[in-house]
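Only one structure is covered here, and it is reproduced in the block below.
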Amino acid sequence: MTATTSPVRAAAIPPARERARRHRGLLLLAPALVMLFVFFAYPVAAIVWRAFSEPQLGVENLREVFADPVTLRVLTRTLITAFGVATLTLLLAYPYAHLMTVVSPRWRAVLMALVLLPFWTSLMARNFAWIVLLQEGGPLSKLTGLLGLGDKALLGTAVGVAVGMVQVLLPYMVLPLYSAMSGIDRRLLSAAVSLGAPPRTVFGRIYLPLSMPGVVAGYTLVFVLALGFYITPRLLGSPQQSLIAQVIGTKVEKLLDFGGAGALSLVLLALTGLLLLAVSRVARPAAALGLGEED
Amino acid sequence: MTRTARDPGGAAVRLTALTKRYGSAPAAVDGIDLEIAAGEFMTLLGPSGSGKTTTLSMIAGFTRATSGSIEVDGYDVAGLPPYKRDLGVVFQHYALFPHMTAAQNIAFPLRQRKVGKAEIAARVAEALELVQLGAMGDRLPRQLSGGQQQRVALARAVVFNPRVLLMDEPLGALDKKLREQLQGEIARMHRELGITFVFVTHDQEEALALSDRIAVFNEGRIDQVGSARDLYERPATLFVARFLGESNVLTGKVTDPATIEGPGFRVALPRGASSAGSGTASVVIRPERLTVLPLSTPVPAGHNTLEGTVSGLTYLGAYSTVTVELDCGLRFTVREPAGASGEVTPGTPVRVAWPVEQGVLVSS
Ligand SMILES: Nc1ncnc2c1ncn2[C@@H]1O[C@H](COP(=O)(O)OP(=O)(O)OP(=O)(O)O)[C@@H](O)[C@H]1O
Ligand SMILES: [Mg+2]
């Protein structure tokens with residue numbers, strides 16, 4: 001606050017004291033800011049730098065990304081997979097989150113624990129479990145066999161990858177949805193009914209619009225996470241079906257092409273940034289994060 | 001809003017042996033019978049937890065009755081889901097849709113009824129006018145004050161010409177001044193719309209001010225139904241007497257048909273009261289029916305008297321309140337017109353007197 005603001009306020013809080021208070025606030029943020037800088041901002045900057053400097057200074061690496069049809073195909077595949085996974089996760093999570101808001105507290109705790117279970121088990125353990133389930137001769141292929149669809153192994157296919165990713169990402173969709181839905185005033189639904197709305201209208205005109213902040217938050221989160229998925233597609237997919245994170249990994253580990261990897265990472269980063277920007281334009285950011293209205 | 005031939009005014013509502021039980025707890029609504037006439041303003045009055053909301057919610061269809069029947073204009077509505085009952089409902093907490101403007105909120109019930117666009121616009125404007133919010137149609141609920149929100153809720157609940165309007169403590173969340181103002185508007189809406197109003201409140205003044213008749217709820221039952229005057233002057237039970245207005249109560253045994261006797265008192269009963277039966281009963285005397293007399297004054301004919309000592313005197317302008325500790329151990333409150341009791345001061349031994357006919361015998 002400076003001297004130009006209202007004299008009453010300025011008098012109430014002397015500028016010096018005000019400044020001291022703000023500094024103390026910053027002090028509380030400091031550890032997190034240091035962490036973010038050292039472990040996030042610096043590496044990102046380093047990667048971006050490498051994209052433009054290795055093997056020589058220039059935009060050669062970026063040009064290569066957009067010139068190489070294989071890379072473009074991987075990018076497209078990654079986007080399609082992320083869209084598919086986010087959509088499928090939403091379809092599974094919506095009724096589940098809704099159920100969580102209507103059952104008794106005890107059942108709610110059980111459902112919540114089930115959602116959080118993936119957080120408590122190691123990612124590797126879960127992926128290996130999926131390998132067992134999806135592989136040739138595994139339970140799923142036996143099931144398709146019984147259904148007369150032939151012994152289909154999903155391991156190594158895009159569908160297998162999607163199934164694994166959906167399972168891993170489900171909590172990220174359920175939690176924001178649940179948060180938005182549990183904030184919906186049930187009395188609004190009674191009011192709509194009393195005004196002559198049958199159940200499907202109550203859902204379409206009242207419940208769905210009011211749960212939208214949760215949908216936007218969950219969908220964005222899952223989509224962005226899916227864009228950068230590495231372990232699951234690596235273990236459940238096949239090299240012919242690789243996603244962008246795998247290609248980056250290969251460039252770094254096998255080809256030692258840090259510049260190329262940096263350029264691809266930059267593209268991924270830009271895509272994510274654009275998406276978040278678009279979302280924050282259509283939905284207010286606070287609402288999208290499930291923090292409610294901020295008027 | 002003007003009524004057309006299409007909407008023939010209010011509907012009569014009849015509740016018969018209506019009961020709602022939650023689990024093994026005592027019934028929340030315990031076999032109530034209530035007839036509400038077409039176009040009547042009926043208030044359900046009672047303390048917290050007496051079953052008013054539950055009753056209203058069964059009429060609206062949100063709560064399924066355990067047994068009994070609900071008829072609207074002679075038709076049993078038990079089988080109808082709430083969205084087909086065509087009743088207006090106003091909730092204590094407004095329940096406006098936060099993502100719709102005031103006008104969109106009011107249009108909602110019309111859209112459910114497939115009313116044409118032009119007519120919706122006209123009727124929404126008319127409804128906004130009815131609640132004096134003409135210029136506020138484009139605002140979102142959060143941009144309106146509590147009173148304005150409740151007006152929108154009222155407009156929304158009547159815009160589709162329901163024949164009955166159910167209101168559950170619609171003014172409960174508002175401050176006193178706003179509440180009085182909206183009471184006036186609700187009374188005006190009742191006159192203008194001519195439909196049946198069923199109004200829930202636990203505020204007796206509100207009930208007295210608005211209602212044609214009041215049903216007094218007590219632990220899931222209706223103790224008495226009547227006009228404000230009936231309830232005040234001829235309460236049927238001690239509960240009703242105590243709930244509405246102040247009362248002085250003498251509880252004792254009805255000895256012979258004409259007197260009631262308790263510890264330290266014996267007073268005459270009004271004529272015709274003996275039909276209430278013998279056994280334990282109470283006599284209720286309203287404070288304004290009592291007079292304080294000096295011991296030297298002779299007892300007027302046809303009066304009951306009890307002796308005691310003045311313990312307090314509050315001057316309130318138009319009247320004063322005298323508190324008298326009776327010799328029998330009870331405390332009576334007397335309300336006297338200004339100037340009537342100039343001489344009494346605390347500590348004075350006095351007599352309180354009332355015409356025998358002004359005492360009301362109620363079952364305990
Ligand atoms: N869903 C429910 N489950 C169990 N008991 C309930 C339920 N709803 C109401 N009750 C009980 O039924 C009784 C009547 O409740 P109700 O809400 O009808 O009272 P009320 O007269 O509207 O009171 P208030 O003036 O506080 O609103 C109460 O004892 C309440 O605890
Ligand atoms: Mg209630």
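Sequence lines set the chain letters: A, B, ... in the order given, protein chains first and strands last, and positions in each chain run from 1.
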query = If you look at every heavy atom in A:L188 and B:L96, which pair is closest and at what distance?
reply = CD2-O, 3.1 Å

query = Are more than 12 heavy atoms from other residues, nucleotides or ligands located less than 6.0 Å from atom CZ of A:R126?
reply = yes

ask   = Between A:L195 and B:A157, what is the shortest heavy-atom contact and its length?
value = CD2-CA, 4.4 Å

message = For residues 147-172 of chain B, which residue pairs pass the ring pair (Phe, Tyr, Trp, His ring centres under 6.0 Å) check, not counting sequence neighbours?
response = none

note = Interface check, chain A: of B:G61, B:P81, B:P98, most non-hydrogen pairs under 4.5 Å belong to B:P98

ask   = Is atom OH of A:Y230 surrounded by more than 12 heavy atoms (other residues, nucleotides or ligands) closer than 6.0 Å?
value = yes

B:R21 atom CZ, over 12 foreign heavy atoms within 6.0 Å = no

request  = Compare every heavy atom of B:F62 with every heavy atom of A:S194, then report the nearest pair and how far apart it is.
outcome  = CB-CZ, 3.6 Å

remark   = Most heavy-atom pairs under 4.5 Å with chain A, out of B:H99, B:R111, B:H93, belong to B:H99

Neighbour count above 12 (heavy atom, 6.0 Å) for B:D175 CG = yes

task = Counting only heavy atoms closer than 4.5 Å, note whether A:L210 contacts chain B via side chain, backbone, both or neither.
result = side chain

query = Is chain A contacted by the side chain of B:R113, its backbone, both, or neither, given a heavy-atom distance below 4.5 Å?
reply = side chain

message = At under 4.5 Å between heavy atoms, what parts of residues 196-207 of chain A are in contact with chain B? List them by residue number.
response = A:G196, A:A197, A:P198, A:P199, A:T201, A:R205, A:I206

ask   = By a 4.5 Å heavy-atom criterion (distance strictly below it), what part of B:L110 contacts chain A: side chain, backbone, both, or neither?
value = neither

